[in-house]
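Everything on this sheet refers to the single structure shown next.
On a predicted model such as this, the values are computed, not experimentally measured, just so you know.
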Amino acid sequence: MAGNVPMQYSSTLIQPTTRDSEPRFVRWVLITLALGFLGLVLVLPLVAIFIKAFDKGIAVFLEAVSNPDALSAIKLTLIITLITVPLNAIFGVAAAWAVTKFNFKGKSLLITIIDLPFAISPVIAGLVFVLLFSAHGLFGQWLIDHNIKIIFAVPGIALATLLVTLPFVARELIPLMQTQGTADEEASLTLGASGWKTFLLVTLPNIKWGLLYGIILCSARAIGEFGAVSVVSGHIRGMTNTMPLHIEILYNEYQFSAAFAVASLMSFFAIITLVVKNVIEWKTKKSFEPEEGVH
């Protein structure tokens, strides 16, 4: 009698979480609502972008994306992404390591600062750099005297993008590293490995999928950032326009086909990002599943 209690208790706990615990009608209604909402706000606009991009033929599309201003915008967007993503990856790993592996005064403040870009408008983020580095800003005169240009130049765009993409890698790694704990690192150090060797051979392999996931999210935001970059760029054709800014200019000039052509290129980048993101999620989930035969 007593031996049957755990089995009954266990089945009681498991039953509400089974796939058939809800009526079929409820499940299909919820699935239909979710798919309908996603189709309305995500899939249909995305399809409309590609339809409009090729509305006047492939020749118009190719002309739009091969225009010198468009190529300059694409190049600048990729340059900014290549600058900001590695820096944020390094900062994210360092911040996550500090937060999860050590106890120190100001840890809560550090976490709050990491989350700050999520709380402020990207326009405000761009305005901060204008107030600091413009001709009438805090460091403006010193920069002019030393012939250093930040605002309305590539450095300003990189700084603005760096700020708005700051939390992505760190925020992916902190929960992961908290879950993993410090047992592996302590064992490595006990066996005589140096701190750097422990990081390379123990910590980094454990967080590789979370790190890649954060990098993907950071890259997507860097490519699509508009608000902060718009404030600091100056909208100089062929020089400081990224892809989102170039699309805005084309649309404001009623060059709709060209605007949608460049927008479809950005959408293509987003789709690639989505595919890579799902592969990484699958790899991450698989890495946490127990191996066959291990109990």
May I ask you to decide if [Y]'s main-chain N or O and [X]'s side chain share a donor-acceptor pair within less than 3.5 Å?
{"X": "E225", "Y": "V164", "answer": "no"}
{"X": "K107", "Y": "F102", "answer": "yes"}
{"X": "T161", "Y": "A158", "answer": "no"}
{"X": "N206", "Y": "V202", "answer": "yes"}
{"X": "E185", "Y": "A187", "answer": "no"}

>> Check the orientation of Y251 and F260. Use parallel for under 30°, tilted for 30 to 60°, and perpendicular for over 60°.
In response: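 Answer is perpendicular, since the angle exceeds 60°.
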> Parallel, tilted or perpendicular: which describes the rings of F256 and Y254, with under 30° parallel and over 60° perpendicular?
Replying inline: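 Perpendicular, since the angle between the ring planes exceeds 60°.
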Check [X] against [Y] and note the closest heavy-atom contact, atom names and distance.
{"X": "F50", "Y": "F268", "value": "CZ-N, 4.1 Å"}
{"X": "S230", "Y": "H235", "value": "OG-NE2, 3.1 Å"}
{"X": "A95", "Y": "I114", "value": "CB-CD1, 3.8 Å"}
{"X": "L143", "Y": "F133", "value": "CD1-O, 3.6 Å"}
{"X": "L245", "Y": "F226", "value": "CD2-CE1, 3.4 Å"}
{"X": "S233", "Y": "T240", "value": "O-OG1, 2.7 Å"}

To the nearest 0.5 Å, what is the distance between [atom1] on [X] and [atom2] on [Y]?
{"X": "L44", "Y": "I51", "atom1": "CG", "atom2": "CD1", "answer": "9.0 Å"}
{"X": "I223", "Y": "C218", "atom1": "CD1", "atom2": "SG", "answer": "10.0 Å"}
{"X": "L212", "Y": "I207", "atom1": "CG", "atom2": "CD1", "answer": "10.0 Å"}
{"X": "D184", "Y": "L189", "atom1": "CG", "atom2": "CG", "answer": "11.0 Å"}
{"X": "L40", "Y": "L35", "atom1": "CG", "atom2": "CG", "answer": "12.5 Å"}
{"X": "T198", "Y": "L204", "atom1": "OG1", "atom2": "CG", "answer": "12.0 Å"}

With clusters defined by side-chain heavy atoms of hydrophobic residues (ILVMFWY) lying less than 4.5 Å apart, directly or transitively, does [Y] cluster with [X]?
{"X": "V232", "Y": "V123", "answer": "yes"}
{"X": "I90", "Y": "Y213", "answer": "no"}
{"X": "I49", "Y": "M266", "answer": "no"}
{"X": "L173", "Y": "F199", "answer": "yes"}
{"X": "L166", "Y": "L132", "answer": "no"}

Identify every side-chain donor-acceptor pair in residues 69-87 under 3.5 Å, counting partners at least two apart or on other chains, and give the distances.
from : atom 1 : to   : atom 2 : distance (Å)
S72  : OG     : G238 : O      : 2.8
T77  : OG1    : A73  : O      : 2.8
T77  : OG1    : M243 : N      : 2.9
T81  : OG1    : T77  : O      : 2.8
T84  : OG1    : I80  : O      : 2.9

> Counting only heavy atoms not in E63, do more than 12 fall under 6.0 Å of its CD?
Replying inline: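 It does not: E63 CD has 12 such atoms or fewer within range.
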> Does atom NZ of K101 have more than 12 heavy-atom neighbours from other groups under 6.0 Å away?
Replying inline: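 For K101, atom NZ is crowded (more than 12 foreign heavy atoms under 6.0 Å).
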> Can you find a side-chain donor-acceptor pair between Q141 and D145 that sits under 3.5 Å?
Replying inline: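 Note: Q141 and D145 side chains meet the donor-acceptor criterion.
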> Do P122 and R221 have side-chain heavy atoms sitting under 4.5 Å apart?
Replying inline: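 With C-beta onward as the side chain, the pair touches.
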> Quick one: does I174's side chain get under 4.5 Å of T100's, heavy atoms only?
Replying inline: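 Yes, their side chains come closer than 4.5 Å.
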> Would I111 and D115 satisfy side-chain contact (heavy atoms from CB on, under 4.5 Å), going step by step from the backbone distance to the final call?
Replying inline: CA-CA 6 Å; I111 295 174; D115 290 337; 4.0 Å; yes
>> Evaluate F129 against V231 for side-chain contact (heavy atoms from CB on, under 4.5 Å), listing each step before the verdict.
In response: CA-CA 9 Å; F129 292 108; V231 174; over 6 Å; no
> Should T203 and M177 be marked as a side-chain contact (heavy atoms from CB on, under 4.5 Å) after you check the CA-CA gap, both sets of side-chain angles, and the distance that decides it?
Replying inline: CA-CA 9 Å; T203 304; M177 295 175 74; 4.0 Å; yes
> Between F104 and L110, does a side-chain contact (heavy atoms from CB on, under 4.5 Å) hold up when you go through it step by step?
Replying inline: CA-CA 10 Å; F104 56 91; L110 175 59; 4.0 Å; yes
> Does the separation of the ring centres of F168 and F118 fall below 6.0 angstrom?
Replying inline: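 When the ring centroids of F168 and F118 are compared, they turn out to be within the sub-6.0 Å range.
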